[in-house]
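This is the structure I have questions about; it appears just below.
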Amino acid sequence: MPELPEVETTCAGIAAHLTGKRIQRVRVYQARLRWPVTAELAAKVEGQHIRQISRRGKYILLAVADGHILIHLGMSGSLRIVRAGEEREKHDHFDLCLDNGTCLRLRDPRRFGAVLWSEQTLSEHPLLKDLGPEPLERNFDGGYLHAKALGRKVSIKEFIMNSHVVVGVGNIYANEALFLAGINPTRQAGRVSGERYAQLVKTIKQVLRQAIKQGGTTLRDFVNSEGKPGYFKQKLKVYDRAGEPCLQCGTTIKLIRQGQRSSFYCPHCQK
DNA sequence: CTTTTGACCTGACAGC
DNA sequence: TGCTGTCAGGTCAAAA
């Protein structure tokens with residue numbers, strides 16, 4: 001489900017509710033997520049104040065005095081702020097109960113998400129330390145991508161979806177950015193010019209910024225922290241449009257599989 | 001080192 | 001009304 005815009009939307013929605021609040025109680029209803037939710041987490045954070053909410057790639061980070069809670073939404077996760085008494089529904093696996101009668105509640109049908117405790121410096125955490133740059137920051141530019149791609153034979157689409165290359169670009173936005181840049185998703189990463197990488201970086205930033213503005217993309221079940229969907233789906237040019245006409249030239253949008261994921265592109269506009 | 005494949009899960013939907 | 005197979009916003013770990 002959530003790519004960077006959806007995680008960003010979620011983060012922005014929960015931040016004001018959490019910042020400065022004291023964690024009264026951790027409730028784990030289903031510990032078996034991507035990794036087990038540990039008893040250590042509860043022991044460490046109960047009674048602590050949430051100092052700050054931030055995001056690194058698709059990880060949401062809640063800072064407390066001597067460590068961080070790392071939350072990943074996987075494919076189907078969502079976070080909401082609920083009243084403490086609110087009835088739990090199917091797939092609600094985790095609550096962070098605050099001292100003001102509200103809870104941060106994680107729902108995740110597929111359980112590919114994660115809730116982890118980290119006492120390490122974040123830049124040394126095994127899941128974070130090798131992550132690529134943030135796509136919306138200045139250090140993510142055409143020169144960086146072009147240099148990183150040198151000698152790489154993977155397709156450009158799999159390349160930009162690799163979080164060690166750049167974080168936050170998932171299947172929807174990879175397809176969209178490649179369309180906007182006019183690049184065929186099957187092209188080898190190492191065989192794309194610096195000029196085209198500069199263009200691609202622009203379209204990645206553009207599509208992510210627009211999606212954030214629209215509150216993300218809801219395909220079937222993404223909801224923000226208030227339970228509302230995102231509206232970027234209406235702006236998608238190629239994703240989920242196989243067999244439909246290209247909005248630029250009318251050619252039929254093609255569907256192929258790359259690395260077990262669907263890719264959509266216009267064979268005429270993308271070379 | 002890079003690349004590919006399998007694994008983890010539930011739910012929705014198509015086709016028989 | 002089943003049942004089976006396929007697909008879905010991710011990404012780690014192991015194999016090649």
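Note: hydrogens, waters and symmetry copies are ignored here, and every other heavy atom, side chains too, is used. Every chain is numbered from 1 and lettered A, B, ... according to where its sequence line falls, protein lines coming before strand lines.
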Legend entry - Whole-Å distance separating the OH atom of Y239(A) from the P atom of dC7(C):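 Going from Y239(A) (OH) to dC7(C) (P), I get 12 Å.
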Inset, instruction - For R107(A), report the nucleic acid contact type (base, sugar-phosphate, nothing); a contact means any heavy atom under 4.0 Å. - result: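 No contact.
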Legend entry - Under-4.0 Å side-chain N/O to phosphate OP1/OP2 contact, Y59(A) with dC12(C):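 For dC12(C), OP1/OP2 do have a side-chain N/O of Y59(A) under 4.0 Å.
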Legend entry - Short side-chain N/O contact to dT10(B) OP1/OP2 from H91(A), under 4.0 Å: no
Inset, instruction - Would you mind telling me which of dC12(C), dG10(C), dA8(C) lies closest to the side-chain atoms of M161(A)? - result: dG10(C)
Show me, pair by pair, the donor-acceptor contacts under 3.5 angstrom made by side chains of residues 29-43 of chain A, not counting sequence neighbours?
| from | atom 1 | to | atom 2 | distance (Å) |
| --- | --- | --- | --- | --- |
| Y29(A) | OH | D95(A) | OD2 | 2.9 |
| Q30(A) | OE1 | R32(A) | N | 2.9 |
| T38(A) | OG1 | L41(A) | N | 3.2 |

Legend entry - Below 4.0 Å: OP1/OP2 of dT11(C) and any side-chain N or O of K58(A):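 So the side-chain polar atoms of K58(A) do come within 4.0 Å of the phosphate oxygens OP1 or OP2 of dT11(C), strictly under.
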Legend entry - Neighbour count above 12 (heavy atom, 6.0 Å) for K21(A) NZ: yes
Legend entry - Nucleotide of dT11(C), dA8(C), dT3(B) approaching R220(A) most closely (side-chain heavy atoms):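 Shortest atom-to-atom distance from the side chain points to dA8(C).
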Legend entry - Check: L70(A) and L61(A) side chains under 4.5 Å, non-hydrogen atoms: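 The answer is yes; the side chains approach within 4.5 Å.
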Legend entry - D240(A) CG - dA12(B) C1' separation (whole Å):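 Whole-Å distance recorded here is 13 Å.
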Legend entry - L150(A) CG to dT2(B) C1', straight-line distance once rounded to whole Å: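 L150(A) atom CG is separated from dT2(B) atom C1' by 14 Å.
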Inset, instruction - Answer yes if the side chains of Y265(A) and T186(A) hold a donor-acceptor pair under 3.5 Å, and no otherwise. - result: no
Legend entry - Nearest heavy-atom neighbours spanning R196(A) and R187(A):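 So the two residues come closest at NH1-NE, 3.6 Å.
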Inset, instruction - Report which part of the nucleic acid R261(A) touches: base, sugar-phosphate, or nothing (heavy-atom distance under 4.0 Å, all strands). - result: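 Contact class for R261(A): base.
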Legend entry - Side chain of F112(A) (C-beta onward), nearest among dG10(C), dC7(C), dT3(B):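 Side chain of F112(A) sits closest to dG10(C).
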Inset, instruction - Ignoring backbone atoms, establish whether R111(A) has a side-chain N or O less than 4.0 Å from OP1 or OP2 of dC8(B). - result: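 No, R111(A) has no side-chain N/O under 4.0 Å of OP1/OP2 on dC8(B).
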Where do N or O atoms of nucleotides 4-7 of chain B meet protein N or O atoms at under 3.5 Å, pair by pair?
| from | atom 1 | to | atom 2 | distance (Å) |
| --- | --- | --- | --- | --- |
| dG6(B) | N7 | Q260(A) | NE2 | 3.3 |

Inset, instruction - Round to a whole Å and report the spacing from CZ of F222(A) to P of dT10(B). - result: 22 Å
Inset, instruction - Using the P atom on both, measure dC9(B) against dC3(C) and round to a whole Å. - result: 23 Å
Inset, instruction - Please confirm whether any donor atom in the side chain of R110(A) sits under 3.5 Å from an acceptor in the base of dC9(B), or the reverse. - result: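 Indeed there is one.
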Inset, instruction - Locate the shortest heavy-atom distance separating K205(A) from F140(A); write the atom from each residue and the value. - result: NZ-O, 3.1 Å
Inset, instruction - Using a 4.5 Å cut-off on heavy atoms from C-beta on, say whether the side chain of Y239(A) contacts that of F232(A). - result: no
Legend entry - Rounded interatomic separation in angstrom, taking CG from L33(A) and P from dT11(C): 15 Å
Legend entry - Dot-bracket summary - DNA chain C, pairs being Watson-Crick or G-U whose distances fall under 3.5 Å, with | when paired to another strand: .|||||||.|||||||
Inset, instruction - Could you tell me the separation between the CD1 atom of I71(A) and the OG1 atom of T10(A), rounded to the nearest 0.5 Å? - result: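 Rounded to the nearest 0.5 Å, the CD1-OG1 separation comes out at 10.0 Å.
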Legend entry - Heavy-atom check, side chain of Y144(A) versus side chain of N139(A), under 4.5 Å: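 No, too far: nothing below the 4.5 Å cut-off.
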Legend entry - Length of the line joining L70(A):CG and dG10(C):P, which is rounded to integer Å: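 About 18 Å, once rounded to whole Å.
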Legend entry - Residues N171(A) and K157(A): side-chain donor-acceptor under 3.5 angstrom: yes
Inset, instruction - Could you tell me whether K90(A) contacts a base, only the sugar-phosphate backbone, or nothing, with contacts defined as non-hydrogen atoms closer than 4.0 Å? - result: sugar-phosphate
Legend entry - Nearest-angstrom distance from the residue atom CE of M75(A) to C1' of dT10(B):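 Spelled out: CE on M75(A) to C1' on dT10(B) is 11 Å.
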Inset, instruction - Please check the phosphate of dC7(C) (OP1 and OP2 only) for any side-chain N or O of S262(A) closer than 4.0 Å. - result: no
Legend entry - Exercise: do S262(A) and R257(A) side chains pair donor with acceptor under 3.5 Å: yes
Inset, instruction - Mind calculating the distance between CZ (R56(A)) and P (dG10(C)) to the nearest angstrom? - result: 17 Å
